[in-house]
Amino acid sequence: MPVIERTGVARALEQIASYLDLKGENSFRVRAFTTAARTVEGVSGPLAEALADGSLAKAKGIGPAILEVITELVESGRATLLDELRADVPPGLIEMLDISGLGVAKVRTIHQTLGITTLAELEVAAGDGRLAALPRFGERTAQNVLKGIAFLREASQWRLVHHATDEATALAEALGRVPHVVAVHIAGEVRRRMETVREVIIVLVADVPPEEIFRHLASLPGARGIAGQDERRATLRLAAGTAAQIIVTPPQNLGTVLAQATGSDAHLNALAAHATSRGFTLAGTALWEGSRFVPTPTEESLYHALGLPWIPPELRESGAEVGMPVPRLLERGDLRGFLHCHTTYSDGNNSVAELAAVCRADGYSYLGITDHSRAAAYAGGMQPDDIRRQWDEIDAVNASNPGIRVLKGIESDILVDGSLDYPDDILAGFDFIIGSVHSRFTLSRDEMTDRVCRAMTSPYFTILGHPTGRLLLSREAYPIDLDRVFEVAAREKVAIEINADPHRLDLDWRVLAAARAAGVMISLGCDAHNLAGVSNMTWGVGVARKGGLTRDAVLNCRDAEGFLRFARARRP
DNA sequence: GCCGTTTTCGGCCCGACTGTTTTCAGTCG
């Protein structure tokens with residue numbers, strides 16, 4: 001197991017950028033580290049490989065100085081530059097930058113005039129009036145800071161699913177190499193494919209008593225020691241500052257232990273009640289029928305003993321799923337089209353041809369390119385001239401027999417009045433259009449709902465992108481009446497996106513049933529900005545499965561012609 | 001710090017909103 005993988009390296013580079021920024025360093029040097037972080041994040045495959053074969057050294061935005069930092073991080077898990085910066089600038093200031101509304105300038109003012117170095121001190125100052133009294137601060141800023149700190153405190157207990165999954169997978173591999181471990185299963189929220197994860201839980205089958213396994217835990221790579229243990233469970237502290245629960249079971253009740261470790265609590269309660277109604281007792285780590293021990297070596301044997309079909313972990317949430325028929329849930333292989341990605345024409349890192357090659361290798365039969373529109377100036381949104389150049393390029397790629405069909409799309413900003421970002425004669429030239437809100441998040445709920453609903457009435461509108469604008473653990477959704485959005489989308493025959501970027505996962509799986517009941521078609525979009533982003537589809541599929549979606553509910557399970565028919569159906 | 005040459009250093013993304021002011025600095029996407 002490598003000491004640190006690309007998300008860890010990217011995070012370290014971002015931190016270096018923040019520290020340099022707070023120190024008042026040249027802003028272009030700061031930006032160099034930020035872009036390098038994004039480049040690293042976009043590397044497909046192991047970072048050590050990209051270092052060894054020289055491809056990282058050749059990547060845009062990676063020069064000799066940053067390459068040296070990355071090499072040090074990959075080889076030792078540390079960076080001298082970062083260590084020096086940490087000694088120089090209080091780390092609490094970096095945390096303050098995550099509060100929406102606080103940037104480098106304001107954090108520096110807070111530090112220099114009030115001598116504040118931690119979030120806790122900042123919270124006190126925001127409460128007692130000292131913060132509001134600073135120049136160009138005010139009562140509203142103080143309130144926002146208090147809200148921001150509360151949000152951060154809550155968010156700090158959670159990790160995004162892709163980080164948690166990386167962590168769980170690496171740990172599971174290491175545990176698989178411990179002597180006498182017979183099988184390793186990832187359980188908990190990661191297995192249920194929750195969008196955020198509080199605790200990594202792993203179940204081990206061993207042919208020796210648990211304490212013999214536990215003796216090896218502290219010496220695993222990335223482990224920082226044991227936080228606590230009983231006769232069958234241990235909590236392992238990890239270098240990343242997180243913890244993982246390790247549960248050891250003999251093989252004869254693996255099924256019950258795995259189900260218990262997977263949760264959710266509501267599902268287990270419903271399962272236990274169902275067991276009781278059938279004369280069983282589901283208690284702790286085993287299933288009993290009266291005083292007879294019922295072996296459950298697999299989860300299937302547990303569910304079947306209770307007269308139930310095996311329930312996929314993604315569906316084990318409210319408890320209402322117990323006793324219901326299990327649908328054949330969407331699988332990654334059902335998706336024919338890859339939608340929503342950005343190229344170098346706006347803020348993506350790769351070309352049309354590069355994305356086409358990766359999507360083809362992933363088994364897609366068509367790919368919809370959707371760069372930003374011109375209102376998204378910060379992201380290099382496309383001017384009409386760029387659009388024509390890109391169309392020519394797409395035509396050329398299609399003419400070169402790439403083994404995949406490339407469609408001309410756009411992610412058009414939904415402007416504040418609900419209009420799209422180009423006149424109809426330009427919109428008409430695209431094969432399909434994703435409409436998204438990227439500005440003016442602070443409208444009232446009614447105004448935002450009107451804005452989005454009005455946009456969907458355009459005959460060129462195909463898919464509503466990331467419908468609530470949330471960024472998991474960092475930004476709340478903007479207020480919007482989703483029921484009304486669903487109603488209008490169904491009426492206008494517009495699809496709504498599940499954005500598969502693990503920072504978004506928007507729509508939320510909890511509202512998918514309502515969307516389907518309203519008659520809304522769902523589209524899975526990756527929002528890829530680089531080649532690694534193509535594999536984010538797995539998180540979107542997780543959301544779709546949690547929402548109980550089957551393949552006929554998903555627009556890009558259709559072939560290219562079927563997809564285009566949907567997109568063209570409302571055009572004049 | 002990186003890039004792209006004009007092979008040695010100048011240029012690098014910006015428009016609009018927010019909260020503070022009463023003209024604009026700072027933040028955001």
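Throughout, a chain's letter reflects where its sequence line sits, starting with A, and its residues are numbered from 1. Small disclaimer: the values here were computed from a predicted structure and weren't measured.
Across the protein-nucleic acid pair, A:R108 atom CZ and B:dA25 atom P stand 15 Å apart, rounded to whole Å. Distance, A:I110 CD1 to B:dG26 P: 13 Å, rounded to whole Å. Going from atom CG of A:L134 over to atom C1' of B:dT20 covers 13 Å, rounded to whole Å. Taking atom CD1 of A:I414 as the reference point, atom P of B:dG29 lies 17 Å away to the nearest angstrom. Whole-Å rounding puts the A:D98 CG to B:dC28 C1' distance at 14 Å. Straight-line distance from the CG atom of A:L81 to the P atom of B:dG1: 8 Å, rounded to whole Å. Distance A:Y478 OH to B:dC28 P: 18 Å, rounded to the nearest Å. As a whole-Å value, the separation of A:D21 CG from B:dC28 C1' is 14 Å.
The side-chain contact (heavy atoms from CB on, under 4.5 Å) check on A:N536 picks up A:P502, A:C526, A:W539, with sequence neighbours excluded. Remark: A:A544 pairs with A:L330, A:I498, A:L524, A:L549 by the side-chain contact (heavy atoms from CB on, under 4.5 Å) rule, at least two apart or across chains. Residues forming a ring-ring contact (aromatic ring centres under 6.0 Å, His included) with A:Y366 (at least two apart in sequence, or on another chain): A:F563. Considering only residues two or more places apart in sequence or on other chains, A:Y364 meets the side-chain hydrogen bond (donor to acceptor under 3.5 Å, both in side chains) condition with A:R332.
When both distances must be under 3.5 Å, the Watson-Crick or G-U wobble mate of B:dT18 is B:dA25.
Judged purely by distance below 3.5 Å, without hydrogens or angles, the side chains of A:N499 and A:E497 pair a donor atom with an acceptor atom. At a cut-off of 3.5 Å, with distance as the only test, a side-chain donor of A:Q390 or A:D371 sits close to an acceptor on the other residue. Side chains of A:E411 and A:S373: no donor on one and acceptor on the other come within 3.5 Å. Between A:S444 and A:D446, the side chains place no donor N or O within less than 3.5 Å of an acceptor N or O (distance only, hydrogens not considered).
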Taking only nitrogen or oxygen atoms into account, show me every contact under 3.5 Å that the protein makes with nucleotides 3-11 of chain B, one pair per line with its distance.
{"residue": "B:dC3", "atom": "OP1", "partner": "A:G61", "partner atom": "N", "Å": "2.7"}

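Annotation: of the two residues near DNA chain B, A:G103 and A:L67, the 5′-most nearest-nucleotide partner is A:L67. Looking at which nucleotide of DNA chain B each of A:P135 and A:S100 is closest to, the 5′-most match is held by A:P135.
Taking the side chain of A:H438 as heavy atoms from C-beta on, and the options B:dC2, B:dT27, B:dG29, the nearest nucleotide is B:dG29.
Between B:dT5 and B:dG1, the two P atoms lie 22 Å apart (nearest whole Å).
Heavy atoms of A:V30 sit nowhere under 4.0 angstrom from any nucleic acid atom. At the heavy-atom level, A:R374 lies nowhere under 4.0 Å from the strands shown.
Aromatic ring centres of A:H466 and A:H438: separated by under 6.0 Å.
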List the protein contact pattern of nucleotides 12-19 of chain B with one symbol per nucleotide (5' to 3'): B for base contact, S for sugar-phosphate-only contact, - for none; contact means a heavy-atom distance under 4.0 Å. BB---SSB
